[in-house]
Amino acid sequence: MKDVRITVMKKVCHDDLIQKYENPIDNPCSMEAGQTFISKNGLCPDGLCISAWESMSAFVMALAYGAKDIYDGWMKNPNSVMISCNDGFRPVSFLIETIG
């Protein structure tokens with residue numbers, strides 16, 4: 001099984017949607033561009049947002065087990081995918097790629 005690097009590429013904040021629809025929350029998303037995490041044995045890395053993990057875990061597992069070209073030619077690196085978490089207020093884009 002391969003290790004998989006998860007890199008936070010971009011975080012967007014839709015303040016207009018937050019103001020209109022979200023109840024105040026104590027701990028909004030703490031992911032920041034440039035953060036990296038390593039998944040070993042297909043497990044969620046410490047410190048990675050659990051909600052984001054739920055959006056990407058199937059892709060991490062597929063890459064860890066050797067899947068390639070998941071997007072059928074869309075990615076320049078066939079050992080990678082670009083995934084966004086499911087937070088509609090603060091979506092975060094992650095580059096997920098095998099290492100080693």
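Sequential numbering from 1 along the given sequence is applied to the chain's residues.
Distance check: Glu22 CD to His14 NE2 gives 12.0 Å after rounding to the nearest 0.5 Å. Rounding to the nearest 0.5 Å places CE of Met75 at 9.0 Å from CD1 of Ile96. Here the CD1 atom belonging to Ile70 is positioned 8.5 Å from the OG atom belonging to Ser80, to the nearest 0.5 angstrom. In this structure, CD1 in Ile38 is found 6.0 Å from CZ in Arg5, a value given to the nearest 0.5 Å. In this structure, CE in Met56 is found 10.5 Å from CD in Glu54, a value given to the nearest 0.5 Å. Atom CG of Asn27 sits about 11.0 Å away from atom SG of Cys49, to the nearest 0.5 Å.
Taking the side chain as every heavy atom from C-beta outward, Asp87 and Lys11 never approach each other to under 4.5 Å. Residues Asn79 and Lys68 have side chains in contact (heavy-atom distance under 4.5 Å, counting atoms from C-beta outward). In this structure, the side chains of Lys40 and Asp3 come closer than 4.5 Å at one or more pairs of heavy atoms. Contact check for Trp53 versus Val60: side-chain heavy atoms found under the 4.5 Å cut-off.
Taking each heavy atom of Pro45 and Ile6 in turn, the nearest pair found is CG-CD1, 4.1 Å. In terms of heavy atoms, Phe37 sits closest to Val8 at CE1-CG2, 4.2 Å. The shortest heavy-atom contact between Gly47 and Met31 is O-CE, 3.4 Å. Shown here for Gly42 and Met61, the closest heavy-atom pair between the two residues is CA-SD, 3.4 Å. The two atoms that bring Arg90 and Ile18 nearest to each other are NH2-CD1, 3.7 Å, heavy atoms only. Residues Ser55 and Ser84 approach most closely at CB-O, 4.0 Å, considering heavy atoms.
For residues 73-100, every residue pair satisfying the ring pair (Phe, Tyr, Trp, His ring centres under 6.0 Å) rule, not counting sequence neighbours, is listed here: Tyr71-Trp74.
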Q | Full working for side chain to side chain contact (heavy atoms under 4.5 Å, CB included) between Ile99 and Lys2 | A | CA-CA 7 Å; Ile99 54 177; Lys2 299 178 181 185; over 6 Å; no

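Residues Thr36 and Thr7 have side chains that never bring a donor and an acceptor to within less than 3.5 angstrom of each other.
For Asp16, the CG atom is densely surrounded, since the number of other residues' heavy atoms within 6.0 Å is greater than 12.
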